[in-house]
Amino acid sequence: MSVRPNGSQPRTPLTVALFGPPGSGKGTQATFLVEHLHIGRVSTGELFRHEVRRGTGLGLQAKQYIEHGELVPDAITLAMFRERLKKPDCADGVLLDGFPRTAAQAEALNGILQGLGRRMDRVIYIRVPQEVLISRLSGRLTCPTCGATYHPELAPPRRRGVCDRDGSELFQRDDDAPETALRRINVYKEQTVSVLDYYREQGLAAEVDGLGPVEEVHRRALASLSESVVG
Ligand code: AMP
């Protein structure tokens with residue numbers, strides 16, 4: 001399957017958003033989908049972490065919210081997102097991982113996409129029960145380079161502490177600590193679930209069961225991008 005199969009008309013670049021609470025496997029599915037669909041990936045969480053690591057002004061601003069499990073204010077997030085979307089890897093389509101997360105972000109995104117002659121094509125919601133989220137997040141290991149995630153027991157890397165994909169040294173996110181993780185799950189319920197409902201009302205949301213082997217969830221996520229979306 002490709003975004004533009006042979007013989008079909010060129011279409012506007014694909015825009016797909018991944019929704020799901022922290023620990024639902026968004027990052028893992030995002031990595032798979034962008035490789036499969038040959039589109040760019042924009043993870044606002046990854047962008048913020050990158051800025052925090054570099055110690056930029058934006059990173060310093062974002063850090064205080066991230067470490068408490070709160071959302072970074074919309075104005076800051078949107079300014080960063082707008083710049084990111086201009087990058088060449090987003091020209092042929094984009095997978096949004098962790099954005100939009102508030103009603104204001106969804107509204108702004110509509111305007112941004114409209115300005116580019118694009119629209120939201122599909123929102124994939126990865127559904128996972130809360131008790132599973134907590135166990136997945138505690139001890140989770142993240143790759144600083146590609147964002148892939150592992151777990152010492154549930155999904156161990158081939159070599160301990162090292163990313164299978166690019167050999168980077170894995171780290172534990174501070175905001176995966178139990179108290180902050182719980183706050184992030186609650187923030188998701190308070191501020192992001194209503195954004196998902198907004199896309200549901202437009203018939204754009206597809207629900208995917210996030211439990212089971214990762215390859216199986218990949219298959220479900222791909223299937224949720226119906227023929228009408230990916231051609
Ligand atoms: P994530 O990697 O998606 O779990 O995001 C990690 C943290 O980055 C979140 O808990 C927020 O503090 C911040 N963040 C990421 N994306 C957004 C967003 N769209 N709006 C506001 N804050 C965000």
Side-chain angles (χ1 to χ4, degrees), residues 15-31 33-34 41-54 56 58-85 90 94-113 120 123-126 128 130 132-134 136-151 163 170-196 198-199 210:
T15 304
V16 176
L18 271 182
F19 271 65
S24 58
K26 285 194 303 295
T28 305
Q29 296 307 320
T31 309
L33 286 171
V34 296
R41 172 185 177 191
V42 175
S43 158
T44 40
E46 286 293 332
L47 292 172
F48 282 132
R49 279 188 288 281
H50 181 68
E51 297 294 328
V52 170
R53 274 197 297 273
R54 286 175 58 215
T56 63
L58 171 60
L60 289 176
Q61 276 183 301
K63 190 170 188 271
Q64 53 188 316
Y65 298 97
I66 295 173
E67 65 190 14
H68 292 109
E70 302 294 335
L71 294 183
V72 178
D74 289 329
I76 299 175
T77 305
L78 280 164
M80 178 181 75
F81 176 79
R82 280 199 178 87
E83 286 311 303
R84 177 65 185 87
L85 203 63
C90 298
V94 68
L95 183 99
L96 307 178
D97 167 7
F99 181 93
R101 261 170 148 108
T102 65
Q105 289 177 17
E107 205 173 303
L109 177 62
N110 277 346
I112 295 169
L113 291 176
M120 182 65 84
V123 168
I124 303 177
Y125 163 52
I126 307 177
V128 172
Q130 174 152 338
V132 177
L133 301 175
I134 303 282
R136 281 188 183 179
L137 289 171
S138 66
R140 177 167 84 163
L141 298 165
T142 300
C143 172
T145 308
C146 71
T149 55
Y150 302 87
H151 192 282
C163 180
L170 303 173
F171 76 106
Q172 231 173 323
R173 280 171 53 174
D174 291 341
D175 62 347
D176 280 348
E179 204 177 300
T180 316
L182 196 58
R183 178 67 198 133
R184 287 162 56 215
I185 292 169
N186 286 329
V187 165
Y188 174 81
K189 289 183 194 162
E190 289 160 16
Q191 302 193 51
T192 307
V193 166
S194 60
V195 184
L196 179 61
Y198 163 78
Y199 288 117

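Remember, it's a predicted structure, so these values are computed and weren't measured experimentally. Numbering of residues begins at 1 and proceeds along the displayed sequence. Atoms within each ligand, like the ligands themselves, are counted from 1 in listed order.
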- Message: For Gln64, I'd like to know if atom CD has over 12 heavy atoms of other residues, nucleotides or ligands within 6.0 Å.
- Response: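 Count over threshold, so yes.
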- Item | Glu107, CD atom: more than 12 neighbouring heavy atoms under 6.0 Å |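 No, not enclosed.
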- Task: For Thr180 and Asp176, indicate whether the former's side chain and the latter's backbone hold a donor-acceptor pair under 3.5 Å.
- Result: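 Looks like no, no N/O pair under 3.5 Å.
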Has ligand 1 got any nitrogen or oxygen that is less than 3.5 angstrom from a nitrogen or oxygen of [X]?
{"X": "Glu46", "value": "no"}
{"X": "Lys26", "value": "no"}
{"X": "Phe99", "value": "no"}
{"X": "Asp97", "value": "no"}
{"X": "Gly69", "value": "no"}
{"X": "Arg101", "value": "yes"}
{"X": "Ser43", "value": "no"}

Go through ligand 1 atom by atom and flag the ones less than 4.0 Å from a non-hydrogen atom of [X].
{"X": "Gly98", "answer": "16 (N), 17 (C), 18 (C), 19 (N)"}
{"X": "Glu70", "answer": "11 (C), 12 (O)"}
{"X": "Arg49", "answer": "2 (O), 6 (C)"}

- Task: Using a 4.5 Å cut-off on heavy atoms from C-beta on, say whether the side chain of Tyr150 contacts that of Arg140.
- Result: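 Sidechains of Tyr150 and Arg140: no contact.
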- Query: Do the non-hydrogen side-chain atoms of Val94 and Arg41 ever get within less than 4.5 Å of each other?
  - Reply: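 The answer is no, as the side chains (C-beta and beyond) never meet within the 4.5 Å cut-off.
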Among all the protein's non-hydrogen atoms, which is closest to [atom], and how far away is it?
{"atom": "atom 16 (N) of ligand 1", "result": "Thr44 OG1, 2.8 Å"}
{"atom": "atom 20 (N) of ligand 1", "result": "Gln105 NE2, 2.9 Å"}
{"atom": "atom 8 (O) of ligand 1", "result": "Ile66 CG1, 3.8 Å"}
{"atom": "atom 22 (N) of ligand 1", "result": "Val72 N, 3.0 Å"}
{"atom": "atom 23 (C) of ligand 1", "result": "Phe48 CE1, 3.7 Å"}
{"atom": "atom 6 (C) of ligand 1", "result": "Arg173 NH2, 3.4 Å"}

- Indicate the atoms forming the closest heavy-atom contact of Asp175 with Arg184, along with that distance.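 For Asp175 versus Arg184, the nearest heavy atoms are O-NH1, 2.6 Å.
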- Query: How close do Val195 and Ala106 get, heavy atom to heavy atom, and via which atoms?
  - Reply: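 Closest approach of Val195 to Ala106, heavy atoms only: CG1-CB, 3.8 Å.
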- Task: Can you sort out the partners of Thr142 under side chain to side chain donor-acceptor pair (under 3.5 Å), two or more places apart, ordered by chain and number?
- Result: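 Applying side chain to side chain donor-acceptor pair (under 3.5 Å) to Thr142 gives none.
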- Of all residues at least two apart in sequence or in a different chain, which pass the side chain to side chain donor-acceptor pair (under 3.5 Å) check with Thr28?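 By the side chain to side chain donor-acceptor pair (under 3.5 Å) rule, Thr28 matches Thr149.
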- Message: Checking side chain to side chain contact (heavy atoms under 4.5 Å, CB included) between Leu182 and each of Ile134, Val187, Leu137, which is the one that passes?
- Response: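 Among the candidates, only Ile134 passes.
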- Message: If we set the cut-off at 4.0 Å for heavy atoms, which region of Thr77 has an atom near ligand 1: side chain, backbone, both, or neither?
- Response: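 Side chain only; the backbone of Thr77 stays clear of ligand 1.
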- Query: Once the angle between the rings of Tyr199 and Phe19 is folded into 0 to 90°, is it parallel (under 30°), tilted (30 to 60°) or perpendicular (over 60°)?
  - Reply: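 Tyr199 vs Phe19 ring planes: perpendicular.
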